[in-house]
Each structure stands twice: as C-alpha cells, then as structure tokens.
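Just below is one structure, and these are the notes that go with it.
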Amino acid sequence: MVLPSRRTLVLNAAVAAAALGLDRSLAIAAPEHGRRTSDPSRGFVRTKVGDAECTALYDGIWEKAHDPGFFSNATVAETRQALASAGLPTAFVPIPITVFVIKLNGKVVMCDAGGGDQVQAFNPDSTFVSGRLMAGMRAAGIDPATIETILISHFHPDHIFGLLGKDTNAPVFPNAEIIVPGAEYKFWTDPATVGRLPPGRRSLARRIQAVIPHWKNVLPVDGEDEVVPGIRFVSVPGHTPGHTAFHVSSGSEQLMISNDAAYVPALCGRHPGWHGAFDQDGPLAETSRRKLLDRVIAEKMMICGTHFPWPGLGRIARDGSGYAVTVSTA
Ligand SMILES: [Zn+2]
C-alpha cells in the first residue's frame, strides 16, 4: 500500500465536545496512594540498533492485584511462582509500560503512546500509573513536536490514551502521522463492536469511535508493509484482532518491538501457553506469540516489549518449553 502524503489534522470541535461528554469517566487517573514501586531515577534509556537510535521512555506501571480470572489456565499460585522465579514482586502483578522512540533514516518515530495518565486500575487493590512519557521524552532531549510518525500496535488504553488530551480528547501530537493496523482500526471503529464487547470494554470503543475516525492524520495500513523506511508492520493477532509488532532493521541488526505479544515475559514468555484475560482470542494470541518469538530467536534479533521489565529491551532464548527474556539493565 502506498502511503498518502502527510495531511494536517483537522479536529472537529463538535465531535471533540461530544466525546468529552461521553467518556469523562475514562479521563480520571487512578490515585497513586498505595503504590508499591517507584519511578526509575531516569525516565529514559538509549540503545543503538545498527544506525537506529532506540530510546526507551518510562510511562508508568500497573500494579495489578492478583485475580483468579487473570489467566484461564493458570492459577494465582502459579502466577506468583512464575513472578518469583523471575525475581519479581509477588504481592501483585507488576505490569510496567514503556514507550519506544526510534530515530532512523532521518525520521523520529514513536511506537505507541502510553496511557496518558488516564487508565483506570478498576480495582481498589490495584494502582495504575501512566503518563510519565512526556517528562521522560523531554529529559531525553526529544521535543514531542519533532515526532513525525506514531505507530500504534493496538487500541488498548495503555497504548493509545497518550494520544488523547485528558478531559478534552484533543490531539496531543497534532502534527504527527498516526499509522495504525487496518484490522485494528476496522474492529474498534465498527459501531457494531460496542455491543459485542464485554461491558467493561464498551466505553473504550465509544471513546475511540467519537474521536479517532475524525482525525485526518490517522492512517490505517493493512498487512505487513514497511510503514516508514526501516520499520515494517508484523501481524500478531489474538491479543486484539489487529495487534501488530514493529520490525526495525538497520545494517545487520534487527529489533522486534513485540508490543503485547509476549505481554509480561515472566508470565507469557516463560509460559507461552497461558491464556490471559487481556488476550481477546487466547489460542490465536498463543499461536502468534510462539511464531513471533521463534522468529526473533532464529534471526538473532533484539527484542523489546511494552510490558517487559524496565527498560524493556533485551534478548530472548528458548528455555525448556518456554522463552526466557534477558533485559539490559537501565
Ligand atoms: Zn498493553
């Protein structure tokens, strides 16, 4: 598919106002009291992948209370055991959020947008912190206005709410071209999707439908095209219908930005057969996960993921029946 030329965003003010009324509840951040982890002392870490400069930016963490419904085929005890084996806290499930900015071939590309301080924890025993992205970006010397392209992996709140102004739904990156997977766009913007989703997900679909289709700088792309020079979409469906990874290639080095394909690697990497409540289609997510991780190993790529331990970038190897991710230290 040939990308149309860049177009300036024109946000319909009436649509924005309507959206405001629709989903005000989603614009309320979770309180931070009770939080058990602290932000890293520095909110960014840089790595080179060939000539590409990859900057990991800390956006926050979901300290999720244990819940028997988290995995359909793993117990809370097994989940705690898997966290302990990886040296992680076991009192809750630590789900950090990292956003990656890639400078490659003269372009500045942001991969997903974090939660924008707008994601709810849904449970009084859980804490959801997000929206640290912008501070980390400035500390890293990246001016948000210089981001030309934003790639979106899927439309879950911890990946797209950072695009939307809190309380206003105004575009946070009005000059960037936002490239999204075609299948993901089609699913979430279909009016029939609202009624098909579980009740807890319906306000997300309504917020998306009230805003995203009216932004003129959103570009759905089908398949596995090279969406910017050196970065290609890779279809990894299951987590959501259009969930997509980003393959970065520079010289002889490659990086797979796996997004949510391996989710928290201590859980879904070590136990790729575990089916999470967060995966819309568990068996398909597992098939996609195994295929992607096997490719990363076979082609000796580096790997990173949104919910990998900070700073989220490292290597992966087979480990018995699963996979072991080793993340570079911050
Ligand atoms: Zn996620």
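Here the structure is a predicted model, which means the values were calculated and not measured. All ligand and atom numbering here is 1-based and tracks the order in the structure.
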- Item | Phe70 ring center within less than 6.0 Å of Phe278 ring center | yes
- Using side-chain contact (heavy atoms from CB on, under 4.5 Å) as the criterion, point out the one residue from Arg36, Arg80, Lys64 that pairs with Phe92. Arg36
- Positive for side-chain hydrogen bond (donor to acceptor under 3.5 Å, both in side chains) with His159, one of Asn259, Asp260, Asp59: Asp260
- Would you say Lys48 has more than 12 foreign heavy atoms packed within less than 6.0 Å of its NZ? yes
- With a cut-off of 2.8 Å, how many protein N, O or S atoms neighbour the Zn ion (ligand 1)? 4
- Task: Taking Glu63 for its side chain and Val93 for its backbone only, find out whether a donor-acceptor pair lies under 3.5 Å.
- Result: no
Can I get a per-line list of side-chain donor-acceptor pairs under 3.5 Å for residues 49-56, giving both atom names and the distance, sequence neighbours left out?
from: Glu53; atom 1: OE2; to: Arg46; atom 2: NE; distance (Å): 3.3
from: Thr55; atom 1: OG1; to: Arg46; atom 2: NE; distance (Å): 3.3

